[in-house]
Colleague: 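The structure's right below; bear with me while I get my questions together.
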Amino acid sequence: MPTATATLSVSFAPSKKPHLSFCPFGATSITLTNFTSPPIRRPMTTSAVSIEKETVISERPHTFLRQTDGEDNGSIRSRFQSMILEMQESVCGALEALDGAGKFKEDAWTRPGGGGGISRVLQDGAVFEKAGVNISVVYGVMPPEAYRAAKASAADQKPGPVPFFAAGISSVLHPKNPFAPSLHFNYRYFETDAPKDTPGAPRQWWFGGGTDLTPAYIFEEDVKHFHSVQKRACDKFDPSFYPRFKKWCDDYFFIKHRGKRRGLGGIFFDDLNDYDQEMLLSFATGL
């Protein structure tokens with residue numbers, strides 16, 4: 001599997017406004033320009049909130065997969081885990097190089113039921129007020145109601161909890177400069193994993209995720225550039241993806257009480273399994 005990479009560059013052009021570009025798949029390119037204006041600082045809450053039943057560990061493991069899944073058996077699970085581990089390293093390295101001063105702090109954790117994750121946060125850097133890049137690979141059980149609501153048909157009845165596997169990478173970037181937009185992305189893979197002797201719960205799988213941009217100040221050329229990058233990435237796999245996922249993002253981030261959507265939109269998809277699984281893996285990882 002090709003190594004996922006991220007590339008960020010910065011140039012100083014006082015006569016121009018800040019600019020950011022981002023491609024969520026595989027080779028990531030983020031460009032920020034003109035960070036010469038004085039930053040505006042906002043108060044932030046820095047207290048950590050722990051998730052119940054997580055156990056912090058001193059060293060990250062080689063894999064979060066159970067032995068029954070294998071460490072590198074070519075399965076979708078192992079390949080997706082490899083992608084998010086590589087992407088976290090690549091994105092964090094690129095962000096540190098761009099910031100020039102801030103460094104990511106890392107916490108690794110496990111879960112009694114299986115799996116775990118790695119959380120990385122950069123705070124009070126030269127460019128970024130706060131940036132987080134987190135991955136998780138977890139095993140758990142979902143109530144039958146959630147299973148039916150997610151993907152099961154009327155015939156797929158399940159009387160008890162359904163075991164599942166989920167893996168994903170998520171990031172939120174908040175630059176100090178108010179003219180530079182905040183950015184969010186999240187990509188994930190999900191499988192139900194019912195035992196063979198459990199009736200009424202056939203295995204299901206799907207991909208989900210998306211990328212969106214939220215600026216404090218909107219510039220038309222930024223809107224065009226951001227969405228053109230999203231469209232090119234989607235068009236490599238299916239020309240219907242971009243218009244479909246753009247609308248999905250607009251609807252998903254619509255704020256009803258304000259009558260408008262959050263930020264500039266982007267792409268969003270969930271419960272995606274109506275294409276070949278290998279193609280969707282390539283779409284989600286940029287392979």
Side-chain angles (χ1 to χ4, degrees), residues 4-24 28-52 54-60 84-110 116-136 168-187 209-219 222 225-226 253 262-264 266:
T5 59
T7 304
L8 295 93
S9 60
V10 60
S11 61
F12 296 90
S15 62
K16 297 182 180 180
K17 63 178 182 60
H19 180 72
L20 180 149
S21 64
F22 175 74
C23 177
T28 305
S29 175
I30 304 178
T31 303
L32 297 161
T33 61
N34 189 17
F35 282 98
T36 56
S37 60
I40 291 181
R41 304 295 299 277
R42 300 188 303 273
M44 296 189 67
T45 301
T46 58
S47 60
V49 178
S50 62
I51 300 176
E52 185 179 3
E54 290 182 356
T55 301
V56 177
I57 54 179
S58 58
E59 295 183 4
R60 61 160 64 190
I84 61 177
L85 285 167
E86 292 172 6
M87 182 55 69
Q88 185 184 48
E89 287 286 336
S90 182
V91 170
C92 288
L95 291 173
E96 286 183 347
L98 173 61
D99 192 273
K103 297 294 182 181
F104 279 93
K105 294 183 179 181
E106 177 179 297
D107 290 312
W109 48 272
T110 59
I118 301 169
S119 303
R120 288 184 174 180
V121 176
L122 182 156
Q123 189 165 332
D124 295 326
V127 172
F128 294 100
E129 183 174 4
K130 199 166 188 178
V133 185
N134 305 321
I135 65 167
S136 60
I169 181 169
S170 180
S171 179
V172 179
L173 308 179
H174 289 291
K176 288 182 175 180
N177 190 328
F179 290 100
S182 297
L183 179 128
H184 160 262
F185 70 85
N186 173 287
Y187 294 96
T211 304
D212 61 279
L213 199 67
T214 305
Y217 298 92
I218 297 177
F219 300 95
D222 282 350
H225 174 76
F226 176 74
F253 290 113
R262 186 186 79 183
L264 300 178

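Given the structure is predicted, the values throughout are model-derived calculations rather than measurements. Position 1 is the first residue of the sequence, and the numbers go up from there.
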Colleague: What are the two closest non-hydrogen atoms of Pro215 and Gly263, and how far apart are they?
Modeller: CD-CA, 4.3 Å
Colleague: Can you tell if the side chain of Glu96 reaches within under 4.5 Å of the side chain of Leu122, non-hydrogen atoms only?
Modeller: yes
Colleague: Restricting to non-hydrogen atoms, name the atom on Ile118 and the atom on Trp109 that form the minimum distance, rounded to 0.1 Å.
Modeller: N-NE1, 4.0 Å
Colleague: With a 4.5 Å limit on heavy-atom distance, are the side chains of Ile169 and Val133 in contact?
Modeller: yes
Colleague: Apply side-chain contact (heavy atoms from CB on, under 4.5 Å) to Lys130 and Val121, showing your working.
Modeller: CA-CA 7 Å; Lys130 199 166 188 178; Val121 176; 3.8 Å; yes
Colleague: Check side-chain hydrogen bond (donor to acceptor under 3.5 Å, both in side chains) between Arg120 and all other residues, then give those that pass, not counting sequence neighbours.
Modeller: Glu89, Glu106
Colleague: Any side-chain heavy-atom pair from Leu95 and Val91 closer than 4.5 angstrom?
Modeller: yes
Colleague: Taking atom types as modelled, is there a side-chain donor on Thr211 or Tyr187 under 3.5 Å from an acceptor on the other?
Modeller: yes
Colleague: Quick one: pull up CE in Met87 and OG in Ser171 and give me the separation to the nearest 0.5 Å.
Modeller: 10.5 Å
Colleague: So, for Asp99 and Gly125, which heavy atoms are closest and what is the spacing to 0.1 Å?
Modeller: OD1-CA, 3.4 Å
Colleague: What residues, two or more places apart in sequence or in another chain, satisfy side-chain contact (heavy atoms from CB on, under 4.5 Å) together with Ala97?
Modeller: none
Colleague: Got Asp212 and Leu264 here, is their nearest side-chain heavy-atom distance under 4.5 Å?
Modeller: no
Colleague: Which pair of non-hydrogen atoms, one from Ser182 and one from His174, has the smallest distance, and what is that distance?
Modeller: OG-ND1, 2.9 Å
Colleague: Taking all non-hydrogen atoms of both residues, which atom of Ser170 and which atom of Asn186 are closest, and how far apart?
Modeller: CB-ND2, 3.4 Å
Colleague: Between Thr214 and His184, is any pair of side-chain heavy atoms under 4.5 Å apart?
Modeller: no
Colleague: Working to the nearest 0.5 Å, report the span between CD1 of Ile84 and CD1 of Ile135.
Modeller: 4.5 Å
